[in-house]
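Each chain gets a letter, A, B and so on, in the order the sequences are listed, and its residues count up from 1.
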Amino acid sequence: MADNKNLIVEGKLADNERMKAQSKHLRGTITTDLADDVTGGFTADNFQLIRFHGMYQQDDRDIRAERAKQKLEPLHNVMLRARLPGGVITPEQWLVIDKFAEEKTMYGSIRLTTRQTFQFHGVLKPNVKPMHQLLNSTGIDSIATAGDVNRNVLCTSNPVESELHKQAWNWAAKISEHLLPKTNAYAEIWLDGEKVESTQEQEPILGDNYLPRKFKTTVVIPPHNDVDVHANDLNFVAIAENDKLVGFNVLVGGGLAMTHGDMTTFPRKADNFGFVSLDKTLDVAAAVVSTQRDWGNRTNRKNAKTKYTLERVGVDTFKKEVEKRASMTFAESRPFKLTSRGDRFGWVKGIDGKHHLTLFIENGRILDFANKSLKKGCAEIAKVHQGDFRLTANQNLIVAGVPEDQKALIEAIATQHGLLEANTSKQRQDSMACVSLPTCPLAMAEAERYLPSAVDQLESILSKHGLAHESIIYRITGCPNGCGRAMLAEIGLVGKGPNKYNLHIGGNREGTRIPKMYKENIVDTEIMQIIDELIGRWSKERLQNEAFGDFVIRAGIVAPVVNSAEDFYA
Amino acid sequence: MLILIISLAIFFLMTKNNSNSPITPLDQAQLSRLSQAVSGLSKDQLIWASGFVAGVAAGANNQQQSQALTSTEQATLTILYGSQTGNAKHEATSFGEKLKTKGLAPKVISMSDYKPRKLKDETHLIIFVSTHGEGDAPDDAVELHEFVHSKKAPKLGNLKYAVVGLGDTSYEFFCQTAKDFDASLQKLGATSLAGRLDCDVDYADTISKWAEQMTASLVSDLTANAASNAETSAQNTSMPINTISNLYTKQNPLRANLGACLKITGRDSVKDIRHIEIMLEDSGLKYQVGDALGIYFKNDPEIVERILRVTQTKAEEEVSVKNEVMTLSQALTNKLELTLSYPGFVKAYQNASHDTALHELLVDKKALRKFLEERQIVDIIEQYPNVISAQTLVDALRPISPRLYSIASSQNEVEDEVHLTVAHVDYQAFGSRHQGGASGFLSTRLQEGEEVEIFIESNDNFRLPSDTNTPVIMIGPGTGIAPFRAFMQERDVTEATGKNWLFFGNPHFTQDFLYQVEWQAYLKSGLLNKISLAFSRDQAEKIYVQDKLLEQGEEVFEWLEQGAHLYICGDAMRMAKDVEQALLSIIQKYGNKDEKAAKQYLLEMRKAKRYQKDVY
Ligand code: SRM
Ligand SMILES: Cc1cc2nc3c(=O)[nH]c(=O)nc-3n(C[C@H](O)[C@H](O)[C@H](O)COP(=O)(O)OP(=O)(O)OC[C@H]3O[C@@H](n4cnc5c(N)ncnc54)[C@H](O)[C@@H]3O)c2cc1C
Ligand SMILES: Cc1cc2nc3c(=O)[nH]c(=O)nc-3n(C[C@H](O)[C@H](O)[C@H](O)COP(=O)(O)O)c2cc1C
Ligand code: SF4
């Protein structure tokens, strides 16, 4: 294993490795920084370390220049990302986070993310510790939702096959727990838990230096691919025999991020290692993580994710190592098909007889807008709801487990607060954007704030070509990190600079093909012209219900990305 | 000196057709300018002028002196980087390392940590800067980028430089920021060591090739003498406060230009506080930290309008103010107090108008005071409209009194500028916007580059300890922070070793932390040892500087026992009193003294000039 030299990249370690090593199992000097009232920010290493505790330091970029002139530091604040395996949250918990967002955050919003959890934006330093204690009091934490660890574990939101969903969801929770850091740091720093000598602690799975890079895991229930398996390092594809979960196919090495101008970085699909039965599932999870832990490139963070490890050592070598570490062998992959990704909006009835209402939340931004009081609406529902809420990987919200006699009431509240708008188009429902400006420090171009108008324009182009009933998986991401998963869209925009995007086309609806760059560094008007022409051709030349992404490939407008390591930039 | 001038003049008159004369140091042109200047001056004027020239001479002296210092100084080698995502920073640092291996001693520093004024002392400068936005400078380069464009930028005659741009050709404005710096430095007279290097995203090789050649030429150019200019600043601080500062007085103010007026409270602040920079150019005006600046102002034309309307007087009517004849509107705008109200006006206005209601008000002194507190002159006239003659109106009003502002800068740091921290008095009352006379003038009426009349109000009762090792405690909430910014600048340049402790307070941390980034930098550099902050409205219960003082009582007393000087600046009505109370109880508690002894302790401090106040 780790002694096998050529599997490990030698060389000067990335600075984050020093930082992790010196952090005393993620403690650093965070408490000292909390006491420092001269800045709203965190210093050097702690700036990175708080991520392992589920927080990022940010500032309001809209007013950064203005404040520099005012001789004030940037408006430093903290973004918190909660850990909600499978995105399940109770009404009681909802009312707690609703109140906090309202009273103690700069933006007053609850932001549903593309990974089935929520974020608070704009928490000022004095409110940070109270926030963790509040969350803890209602049974929520934010451990390892960021940093070089296994992140929040996703699980397909499938209220209909409720039985299978329950089993799959239990596994998501189990895997999340199993892969969590074992350090007491979180409890010590935020919950005043009693102190433990960091030298007494061990990290059997993640290792004392944690992982080389972030690591992402999902449990997916085919044929629904809402979690986007190919964006993730490790995926467990649920295999059921008559509604009973028997095991998983294991897909490894997906990831979407790249860096402008750096062709050694690229989005990559996950490889199928084969089938594992339930009894070995946790071992396999740990083995994939520990192999990546030992073989992942710690000298270059742009090359550190599992996808690059696979490219370097080879899929088979990696797979064999996993089998060795988990003392098992993967069986032949069970057949499965991924056909769709979008959520099923409106009411559905589960086989358990309960009703489930999926609400479309544009950008996942739950806030009281001038025309619709989404946040208030959700709170009102939480007050009467007897089931739970499910956050989806498409940034939407499911009111799950509603008994017959409550349907009318909940539907009334939802309608009253603009949570159930009849006129929301399929296109809007199939569109997604990352947060980007003003809070994201890495943002290069608008995304969330651009999406609504970008969809308006796409809608009018579609109807102009008589395709109003059609829709295209359309995703905008403010920079090449790809948080909005544009690299699995039929049309993907990747931010490059203020109102400058790279236009990618040719992904498919089921999320198994990466789109190729069609035009580089163009502004919104150019983007819409090009999309107009392409949709014009699609409307005339398409085959029976041929999707846009498939059409541009067949028509040879772009070549398909088959093996991105070779052909993504070709 | 008078003799000199006159004899020069006479000499000139004799030798006017004999060009570049042997004896005078002046050339033909200078002589003729001088003669024009002095010709037709009365004796008194000549005497005054002689004083003026003397002062200029004194000023010139220590200018030459400091120039001399820079020229004889050893060469400097500085590498500046402006970097958003770290590339330029990384390249700058590794180039610095490379030079070190060649025995050179480069300073590698972020543009954001660099004092733009230092530019003129540099001899060799290498810039690594990227471009962001749409041809915009990276955040940490913005300030310097603006500076080299601005009219503040110094001439850089003896600077050699090179610029490396990091960029991306897929952007419209490729390496724009690098191009800007290159152009500006050229324009300021600097000579480029080698053509600018514009790098695309794959810059590794390009830069290392460049680095080879650049290293070579730098080594040959700087025969390995490391840079140091600590002495220069040390020199300047012992600059004599010469006759010339008295040359401009309250009676004879300097006409200077407004350099900048920046709001330094956040967009959500309840306060509007301005950082003001006034350009002294080569006026020779000198000040010391602790001094105040006197400011004359022009009244708001709109108020003048309203007063004319109500009193039914004409703007163009001629009136005389202190036997100077001018139009009424000139008098009201430039000469007479229209914002600060006072009993004298009510009395005079009542006499002139025989307004009975006003008469009643005049008998009840208490009511009158309350009445005046809330009203400016125009409010009174509008509440009690009376038709009176232009001259009676003028006679009822008193002349404008200049306002004082604690100087917020040290001349050793900012040289030909003076900085202020001004709270903009701006409030609604009686259905209209009200502004302070001076603060309104500075904040909303005076445009950058326009003239303002100023003078120095020297204040020897608010001075840093002469012994630079003495610790200092500074208590300055709100605009009271102003002189302490000057103190820190002074202690920075003079490299004073005494400890420094600042107490500051204001409503909100995120909005009202005046000069936050500067205090952070002083803490980082170690100049400022402690800062205690009281943001009154950030928590349920209000917290003020005196509370922080009590909280830190034990250590405060230690410092006092160590001989610390303690300064209070800002609000006199409440803050200064509460702080003094806090001090007394600290002295009682930790010096276990009774109240009387504590008072005595403070009195001794005051006598020893260790307890000084600048409150208003
Ligand atoms: C909130 C969210 C987007 C959203 O609109 O929902 C998000 C937001 C951010 N992501 Fe992300 N990422 C989010 C899903 C993703 C995804 C999609 C996914 O995982 O399904 C990706 C692409 C898949 C992948 O990882 O390859 C993604 C790839 C990144 C990367 C690039 C990682 C890499 O491999 O290089 C970064 C930057 C980094 O890690 O250095 C990043 C960094 C960030 C940060 C934290 C910026 C930062 O590092 O300071 C963004 C915070 C913005 C803000 O103000 O909230 N985010 N991020 C998503 C939160 C997920 C969660 O709850 O954990
Ligand atoms: C030694 C010294 C140092 C000083 N240093 C500073 C300094 O560093 N910074 C600084 O900002 N000031 C400083 N001051 C105060 C400054 O001199 C002025 O008094 C202040 O700026 C107000 O002057 P103004 O002309 O703007 O307003 P004025 O024209 O003098 O005031 C107009 C009228 O408005 C009234 N008024 C003012 N505020 C309000 C309000 N909120 N509500 C109702 N009525 C109000 C006043 O009572 C007055 O009647 C200092 C004063 C002294 C003596
Ligand atoms: C949002 C953004 C905008 C950019 N705009 C420009 C540009 O207008 N012109 C240019 O030459 N390079 C541009 N670049 C490219 C950067 O200058 C280039 O990546 C450089 O290497 C960054 O160096 P730094 O990390 O030191 O900032 C831009 C990069 C980003 C992220
Ligand atoms: S894609 Fe880029 S801009 Fe958007 S949230 Fe992620 S890091 Fe920020």
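Most heavy-atom pairs under 4.5 Å with chain B, from the set A/Lys500, A/Met444, A/Glu66: that is A/Glu66. Contact tally against chain B (heavy-atom pairs below 4.5 Å) for A/Lys496, A/His76, A/Lys69: the top residue is A/Lys496.
Atom NE2 in B/His508 sits 11.0 Å away from atom CG in A/Leu124 (nearest 0.5 Å). Rounding to the nearest 0.5 Å gives a distance of 6.0 Å between OG1 of B/Thr510 and CZ of A/Arg67. With rounding to the nearest 0.5 Å, the separation of CG in A/Leu72 from CZ in B/Arg267 is 12.0 Å. Here A/Gln70 contributes atom CD and B/Phe513 contributes atom CZ; the two are 14.5 Å apart, rounded to the nearest 0.5 Å. Going from atom OG1 of A/Thr39 over to atom NZ of B/Lys524 covers 11.0 Å, rounded to the nearest 0.5 Å.
Only the backbone of B/Thr265 comes within contact range of chain A, with heavy atoms under 4.5 Å apart. For B/Phe509, the part lying under 4.5 angstrom from a heavy atom of chain A is the side chain only. Neither the backbone nor the side chain of A/Leu442 comes within contact range of chain B; no heavy atom of the residue lies under 4.5 Å from a heavy atom of that chain. Only the side chain of A/Glu520 comes within contact range of chain B, with at least one heavy atom under 4.5 Å from a heavy atom of that chain. With a 4.5 Å cut-off on non-hydrogen atoms, B/Ile273 does not touch chain A at all.
The minimum heavy-atom distance linking A/Lys71 with B/His275 is given by the pair CE-CD2, 3.6 Å. Smallest separation of non-hydrogen atoms from B/Leu533 and A/Asp37: CD1-O, 3.4 Å.
For A/Gln133, the side chain to side chain donor-acceptor pair (under 3.5 Å) partners are A/Asp192, not counting sequence neighbours.
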